[in-house]
Amino acid sequence: MSPVEFWFDFSSGYAFFAAQRIEAIAADLGRTVLWRPYMLGTAYKVTGARGLSSTPLKRDYARRDWARIARHQGLTFQLPADHPHVALAATRAFYWVETQHPELAAAFAKRVFTLYFNDSLDTASPEAVSRLAPEFGLKPEALLAGIANPALKEKVRKIGEDAVARGVFGSPFFIVGEEPFWGWDRMEMMAEWVTTGGW
């Protein structure tokens, strides 16, 4: 069976909450998760949309909602003072880890989320992101070199553009088979769709 594709931007609050549950949901469905960070800005260029944190009214609502979800789920959640970051360094780092050590990729992504939304990890800084390497038995200098690799940069750019071409435009965004689901609040619907065969 095809995996559950989990598309997200590391600076997305709703994606943080989705990351806490996606593997359990996929396991219940007998599927794996394909973690796919990408740059939301790539989608915004096509849709003309703006991020929640850059949109009046929506910004204040989102922050209230994230805090409410965190309390409901019993999770710690603290936005960085300068939220949102352009998480390009973290995104490139993920794909380097996935290429070199695929078994570590999901744990790396979850750690980035945890540190960004609790300890203000600067996901835009290659140096800051590279300091995560020892937690995974990797060398910071190797991760830093990977982030700077031109071939990897091109790969990450193409992954994002290909995702948008397939219809991915938000974070979190899920694809199961050919069926798209946008948003943290669609995870249960996605699971039901897969379980029942759709409607």
Side-chain angles (χ1 to χ4, degrees), residues 2-16 18-19 22 32-55 80 82-117 121-133 136 138-184:
S2 61
V4 176
E5 296 181 40
F6 173 32
W7 292 89
F8 58 89
D9 188 298
F10 278 118
S11 296
S12 165
Y14 289 111
F16 166 82
I22 187 59
T32 58
V33 178
L34 182 62
W35 294 71
R36 278 294 172 263
Y38 80 114
M39 306 306 297
L40 261 179
T42 304
Y44 292 160
K45 289 177 183 177
V46 176
T47 65
R50 298 168 62 186
L52 287 174
S53 295
S54 302
T55 307
D82 53 350
H83 174 80
H85 292 187
V86 177
L88 185 56
T91 301
R92 288 172 175 167
F94 169 88
Y95 285 108
W96 182 84
V97 171
E98 184 188 62
T99 300
Q100 301 296 319
H101 304 278
E103 73 282 1
L104 300 176
F108 182 84
K110 286 184 280 189
R111 187 64 174 147
V112 170
F113 269 127
T114 296
L115 292 175
Y116 179 76
F117 285 106
L121 172 67
D122 186 359
T123 51
S125 166
E127 291 75 17
V129 173
S130 72
R131 288 195 285 272
L132 275 65
F136 299 90
L138 306 174
K139 295 183 177 181
E141 58 270 25
L143 182 53
L144 198 57
I147 292 171
N149 184 287
L152 184 88
K153 290 181 179 180
E154 175 62 19
K155 175 181 177 177
V156 171
R157 184 192 64 78
K158 189 171 189 308
I159 285 172
E161 290 180 353
D162 289 349
V164 173
R166 292 175 62 203
V168 175
F169 60 82
S171 175
F173 199 101
F174 310 94
I175 300 176
V176 189
E178 295 301 318
E179 197 67 23
F181 298 88
W182 171 38
W184 168 82

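Here, residue 1 is the first one in the sequence, and each next residue gets the next number.
- Nearest heavy atom pair, residue H83 against residue S11, reads CE1-O, 3.0 Å.
- Using a 4.5 Å heavy-atom threshold, the side chains of W96 and L138 count as touching.
- Between G146 and L152 the shortest heavy-atom distance is O-CD2, 3.1 Å.
- Note on residues 39-50: no pairs pass side chain to side chain donor-acceptor pair (under 3.5 Å), not counting sequence neighbours.
- No salt bridge links E161 with K158; every basic N to acidic carboxylate O contact stays at or beyond 4.0 Å.
- V33 is not listed as a side-chain neighbour of F174, based on a closest heavy-atom distance of 4.5 Å or more.
- I147 CD1 to R92 CZ: the interatomic distance, rounded to the nearest 0.5 Å, is 9.0 Å.
- Using a 4.5 Å heavy-atom threshold, the side chains of R36 and F94 count as touching.
- T91 contributes atom OG1, which lies 7.5 Å from atom CZ of F8 (distance to the nearest 0.5 angstrom).
- Using modelled atom types, one side-chain atom of S171 and one backbone atom of D9 make a donor-acceptor pair closer than 3.5 Å.
- For the atom pair E98 CD and K155 NZ, the distance stands at 6.0 Å (nearest 0.5 Å).
- Of all heavy-atom pairs spanning A89 and P126, the tightest one is CB-N, 3.6 Å.
- Proximity of a side-chain donor or acceptor of Y116 to a complementary backbone N or O of H85 within less than 3.5 Å is detected.
- Annotation: side chain of F136 is in contact with side chain of R111 (closest heavy-atom distance under 4.5 Å).
- Taking the side chain as every heavy atom from C-beta outward, Y95 and I159 approach each other to under 4.5 Å.
- From L34, atom CG reaches atom CD1 of I175 across 9.5 Å, with rounding to the nearest 0.5 Å.
- F173 and F181 have their aromatic ring centers separated by at least 6.0 angstrom.
- With F169 as the fixed residue, the ring-ring contact (aromatic ring centres under 6.0 Å, His included) test singles out one of W7, Y38, W182: W182.
- Considering all non-hydrogen atoms of both residues, S130 and L143 come closest at CA-CD2, 3.7 Å.
- Here E178 pairs with nothing under the salt bridge (Lys or Arg N to Asp or Glu O under 4.0 Å) rule; sequence neighbours left out.
- Tested against F113 for a ring-ring contact (aromatic ring centres under 6.0 Å, His included), the candidates W35, F10, Y14 yield a single pass: F10.
- Once rounded to the nearest 0.5 Å, the distance linking OG of S2 with CD of E179 reads 11.5 Å.
- For the atom pair OG1 of T32 and CD1 of I22, the computed distance is 10.5 Å after rounding to the nearest 0.5 Å.
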